[in-house]
Structures are given as structure tokens and as C-alpha cells.
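Atoms within each ligand, like the ligands themselves, are counted from 1 in listed order.
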Amino acid sequence: MKTGAAPPKNNKNIEKTLKKLQAGRGTPYATIVVFIILHILATVLVILSSRSDIVITLNGASVPLQAFTGVFSSIANVCTIFMVVFYDKVGFIVSMIILLIQFPSILVNVFVQHSAASIPGFFTNLFTIVSVVIIHANNLKIEKYQKKIRDQAVTDGLTGIPNRFAGNELVNDLVKQGKRFAVVSVDLNNFKSINETMGQNTGNKVLIEIASRWKSLADSGSTGTLDFITRQSGDEFSLMIRGYYSDKELGRTLKLYQDALETKITEDECDFFLTASFGYAEFPADADSGDALFACADAAMNEVKRTNSSDHIMHFTPELLKLEHTLDVEREIREALDNDTIFFNLQPQFDMSHKLRGFEALARMKNAEGNIISPGEFIPVAEKVGLIDKVDSTVFRKSAGFVGELIKRTNADITLSVNVSVRHLMKNGFMKELREIIENTGITPNHLEIEITESVMIDSAEKALDRIKEIKNMGIMIAIDDFGTGYSSMSYLHNFPADLLKIDKSFIDKMGAGESSKQYVASIISIGHIMGFDVISEGVEENDQLETLKSIECDYIQGFIWGRPLPQEEAEKLVMSQLAS
Ligand code: C2E
Ligand code: MG
Ligand code: MG
């Protein structure tokens, strides 16, 4: 694998791993001794039986021991054949030595002592030698192909440097050894443009040149660290770096790989000036498994690309994974908006006598692979990246269309509650959008409720209040969602034109824990009532909770105990059954 000067002594480990990968897993040669002993025993028995006058009785018949000479001779020969079959080169050498040693004594017996009994032995030995040679020749051929296949499995076809598989194996080996090392993800910047403008052939030549520069650097030992370079795919490479003792040393090595690209690359009479982005993660500080190390290094490299950082080298930090996740979810939301795979479920709300009050529309999203992503995961991202108004509107429009039509058809007196994020509510076009939805879907404002989280009172007090009054004036109801989780003041709440307080599930969960938690919920309900609001408890799952809520005069409940979020058809069935009863 060497292309440069002799590697430093401890670079051997890396080379050893590669050799191991290329050479297969070795054969247990020790067991050949069993065959050698068996062969010697059989040969001794051949000699003894051929010279013996002993006659033994078998099944009442007298049989001379000499009759077994052929059997012992066959056992001896089978042993030599097994040796070649199972022990490759060593087996071949041992069996040839054994067979050739026997030849002189057989020849003496036949030609000097004129022993006719040795003539079959002569031919058996001769044919066994021919068989052993043929088997060995065949073995060599198979081995050659196997080596070729193994080489291909660990070598990148284009550049001739180790491939992704070799890199993974090495990293897994290094993890087992437990010593500090770094995995570096390297991606060429703007490489795509070479392929696009000059064609793939030129692109390939550039890749070969870069791989060769980096490989020479890795093998030369001049970086002072132990480096191993692989090509992952396309214009992505990986480096595994060991034998450094400080971040500074590691940084120096990475800089050398960066510098290796500084000299222009000339292919097909064109000069190319390339740079690469390097992201690295260290074992064991950043991650403790091969897969995780590659993922962390990738996250750092992607961040270099994303921020177009001029430094081009970045160490992984845990925040990057969160960012990476946010970016992934953002992409999924955009795709879902484009492909119209954002939809809604309807969770029923009931009064305490189990009569249907209406439904809360809850967003659901299907990603490109068809998996459903929970709103707990994508709503916060949509808020963060400014896509929440699009998500809200989609759910609002679709659910209002469905429920509006259902009310018209069945005359059911039910409320549709939709969640509207504060960011969406405060947008300039919100009122216009609201009117449009009402107009297009035919839902009447008195069947509509908008849920706003308590935070709206803290964040955007005055402006929000004006807007909420405007909504109320249209005849739409207002619910304060997740009540109790924010810190709204009583005086502000008093002036707030809401219709419904939604007590957050966390308070309902705690109710069973003790009298004071129960009293806390009871006092929220009382305050709500004093201020003129109805109160609904969210996340009611158990009978005890239901009974308690009844006893402290809660008005409505929404929870798995009486209804999970339902698809449209199920919600419609529920409405029908309620109308029928
Ligand atoms: P939320 O508005 O407080 O909605 C109630 C959440 O509690 C829903 O979760 C519902 O499935 C869950 N839930 C209701 N009863 C139970 C119960 O008995 N047990 C348990 N364990 N959970 C219960 P979901 O659908 O995952 O929604 C989570 C949050 O995502 C919602 O909380 C809301 O803040 C947000 N969200 C959902 N859809 C939208 C939307 O269209 N727009 C906006 N802005 N936010 C939405
Ligand atoms: Mg809600
Ligand atoms: Mg809630």
C-alpha cells in the first residue's frame, strides 16, 4: 500500500488492518498435526501389515493381516489429500514432502528387492502426487480470484485508495483498541461545477490526483500523526488520524491536508484550484462508536459547508446535531407543504355528561418516506424557521373545510378549535386570511374557536389584545391553550377577551399526587369561572381524574379517556352517533 517513503513505526497498525482485510481471516494451521500423525500411523501400519504373517479370524473366516495393507495405504493417501484441500500452501508442501520421502523406499522394494507387493504402492503414490499437484494448482487459481475480490472490496475503484468499507473496519478496530483518534469527513468545495463544465472524465482525473496527493501525505509520515485516507463516495473522503496528543497537533495535520490542494491541479489542459471542507469528531470525547463518529464528523463538515466558513475546518459540537436535525425537519416541512402531505386529526372535546362539544384540529405531517412525524417534533421547528403560518393555514383551511361541510350536512352544533401560533396571529395578513378561510370553507364564525397559547399575553401584549378583540368581534371564540405553563398575571387575564381556558395536561397528570395538586386545579377552575371563562382539562386519561374534575366543576374535558385524535371518517362517525343518541 506504500506510495511514499517508509512509514513511521506505529503506522504499521493501520497497514496491518488493511492487510488483514485484504488477506482474509487466516487458516488454523495447528490442526494439520492431526493429519500428519494419522498419516504416519497409517504408513507404519502399511509397513507392518505388508510384512506380517499374522492371520486373523473375521466372522469365522481366516483373513491374513496383509489383506489390510491396501486399507491403511488408502487412509495415508486420503490424509495427504485432505492436507492440500484444507491447508493451502502449507498442506501442499507437507504432503509433497511425505509422498516424496516414501518414493525411494518404494523404488528400492520394486527394483532392488523385486517385491511385487510394492508395485501397487508405487502407482498409488504416483497418482496421489498427481492429485495433490492438481488440487494445489486449482487452489492457487481460486486464491487468486479471492484475493482480487477482497482487494476490490476494500479499494476504491477510481482512485485506488482504500474505500468506505476499509475506513469503517479501521474505525471499528480503533474503537476496540480504546485510544484517542479522530475521524475527519472531507468534502471538496464546488466539485460539482468541474463535472458540469468539463465533463465527468476530467472530474475523475481531478479526483484521482487529489486522492494521490492525500495518500502520499498519509503514507509519508511527514504529518507527524498516523493517518489513513479513504474515499467514501463522489467527492467525499475520510481521514482517520491517530498518534497526536493535543488539538494543536491534530489541527496542524488537517492544515497539511488542506495545503496539499494549494498547488493547482492541471488536467485536460485546464487548471483547477480546489478547496475542501473538513469536519472532525474525536473518539472517545465526541462519540464512542464508529457510526456515531462518522455522523458527528459529517455534521461538522456540513456546518462548514453551510456557513461557507473561510477556515474550512471545524470540530464537532453537540449543538451541531440539533442544528442538523432542525435542518432535516425544515426540509421535511417544506417537502410536505409542496407535496400537500400536511393534514389534520380531530380530537373530540366533551362536556362532563359525555356530550360532544366539538373537535380540536391537530396537525399531522407525512414525510417523503411516508412516515408520520409528530407535531411535537415539527411544530417547534416550523416556529423557529418561520414556516408555522403555512402549516397553521393548511390545517386551518383543511379542517374548516371538512367540519364546515359536516355541520352544513348534519346541522350538528359543534365547535372546531384550531391552533394558531403567536407568530402567525401577529402577521399582517392574518385577518385577511381568516376572512378568506371562512368565506371559502363556509364554516360560520360561531362554530369556530382559535387556540392561542398563554405566551401571547406575555410576548406581545397590547398588539395581540387588539387583534384578539378583532377576532372576537367576528364572532369567533378564543381559547387560551396550555394554561398554567406560562406566567400571565391575573390582572392581564382579567382583561383578556377569552371564552375558554385549557388547563395543561401536566397539571391534570399531577392531580393524583396529592390534595394540594388537586386544589391547585380546582382554584384555576374557580378563577376561570370568576373571570367568565369556561374551563376544559386537557390530557385526561384516567377515571380518577375524570371523577375529580367532575367534583371540582370543570366544564369540559379533552383526553384519551373519551377520545384520541381521529381521522376525518372516524370524527364523522362520532358526530353521527352523537346525533342519533
Ligand atoms: P395542544 O394544542 O395542547 O394539543 C393537545 C396535545 O395533547 C395533542 O398532541 C394531543 O394529541 C395531546 N393529548 C390530548 N389528550 C391526551 C391524553 O389524554 N394523553 C396524552 N398523552 N396526550 C393527549 P399533539 O397532536 O401531539 O400536538 C402537540 C402540540 O402541537 C399541540 O398541543 C399544539 O401545541 C401543537 N400543534 C398541533 N397542531 C398544531 C397546528 O395546527 N398549529 C400549531 N401552531 N400548533 C399545533
Ligand atoms: Mg391546542
Ligand atoms: Mg394544550
Quick one: does [atom] have a protein heavy atom under 4.0 Å from it?
atom                    : answer
atom 7 (O) of ligand 1  : no
atom 45 (N) of ligand 1 : yes
atom 32 (O) of ligand 1 : no
atom 25 (O) of ligand 1 : yes
atom 14 (C) of ligand 1 : yes

Hey, is V540 one of the residues with a heavy atom under 4.0 angstrom from ligand 1?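 It does, in that a heavy atom of V540 comes within the 4.0 Å cut-off of ligand 1.
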If you compare I561, D481, L425 by their heavy atoms, the one closest to atom 1 (P) of ligand 1 turns out to be D481
If the cut-off is 4.0 Å to any non-hydrogen atom of [X], which atoms of ligand 1 fall inside it?
X    : value
S421 : 44 (N)
E360 : 1 (P), 2 (O), 4 (O)
D392 : 40 (C), 41 (O), 42 (N), 43 (C), 44 (N)
G559 : 15 (N), 18 (O)
P565 : 11 (O)
E541 : 17 (C), 18 (O), 19 (N), 20 (C), 21 (N)
E538 : 1 (P), 3 (O), 4 (O), 5 (C)
G539 : 15 (N), 16 (C), 17 (C), 18 (O)

Is there a nitrogen or oxygen of [X] sitting under 3.5 Å from a nitrogen or oxygen of ligand 1?
X    : answer
I379 : no
R364 : yes
V391 : no

With side-chain hydrogen bond (donor to acceptor under 3.5 Å, both in side chains) as the criterion, how do D247 and H315 come out once you've worked through the C-alpha distance, each side chain's angles and the decisive distance to 0.1 Å? CA-CA 10 Å; D247 294 348; H315 187 177; 5.5 Å; no
What distance separates [X] [atom1] from [Y] [atom2], expressed to the nearest 0.5 Å?
X    : Y    : atom1 : atom2 : value
S233 : R164 : OG    : CZ    : 5.0 Å
R180 : I241 : CZ    : CD1   : 11.5 Å
F344 : F396 : CZ    : CZ    : 12.5 Å
E449 : I476 : CD    : CD1   : 10.5 Å
I503 : C554 : CD1   : SG    : 5.5 Å
R242 : L174 : CZ    : CG    : 5.0 Å

Where on [X] is there a heavy atom closer than 4.0 Å to ligand 1, on the side chain, on the backbone, on both, or on neither?
X    : answer
V395 : side chain
R564 : neither
E383 : neither
K505 : side chain
I388 : side chain

Would you mind checking if [Y] and [X] are paired as a salt bridge, meaning a charged N to carboxylate O distance below 4.0 Å?
X    : Y    : answer
D328 : R331 : yes
D389 : K427 : yes
D509 : K505 : yes
K408 : E405 : no
K366 : D340 : no
E360 : K502 : yes

Quick test: of every protein heavy atom, which one is nearest to [atom], and how far off is it to 0.1 Å?
atom                    : result
atom 38 (N) of ligand 1 : A363 N, 2.9 Å
atom 18 (O) of ligand 1 : F560 N, 2.7 Å
atom 30 (O) of ligand 1 : P375 CB, 3.7 Å
atom 12 (C) of ligand 1 : Q347 OE1, 4.4 Å

Run T444 and H447 through side-chain hydrogen bond (donor to acceptor under 3.5 Å, both in side chains) and show every step you take. CA-CA 6 Å; T444 46; H447 286 120; 2.9 Å; yes
Yes or no on ring-ring contact (aromatic ring centres under 6.0 Å, His included) for H312 and F278, after CA distance, side-chain angles and deciding distance? CA-CA 6 Å; H312 295 311; F278 297 74; 8.4 Å; no
Atoms named by residue and atom, protein N, O or S, within reach of the Mg ion (ligand 2) (under 2.8 Å): E360 OE2, N419 OD1, E451 OE1, D481 OD2
Any cation-pi pair here, R364 with F343, using under 6.0 Å and within 45°? no
Do the two ring centres, one from Y520 and one from F507, sit under 6.0 Å apart? yes
Would you please test S238 and E236 for side-chain hydrogen bond (donor to acceptor under 3.5 Å, both in side chains) and show each step? CA-CA 7 Å; S238 254; E236 287 168 34; over 6 Å; no
Using the side-chain hydrogen bond (donor to acceptor under 3.5 Å, both in side chains) rule, take T453 and D482 through it: C-alpha gap first, then chi angles, then the decisive distance, then the call. CA-CA 6 Å; T453 54; D482 305 337; 6.0 Å; no
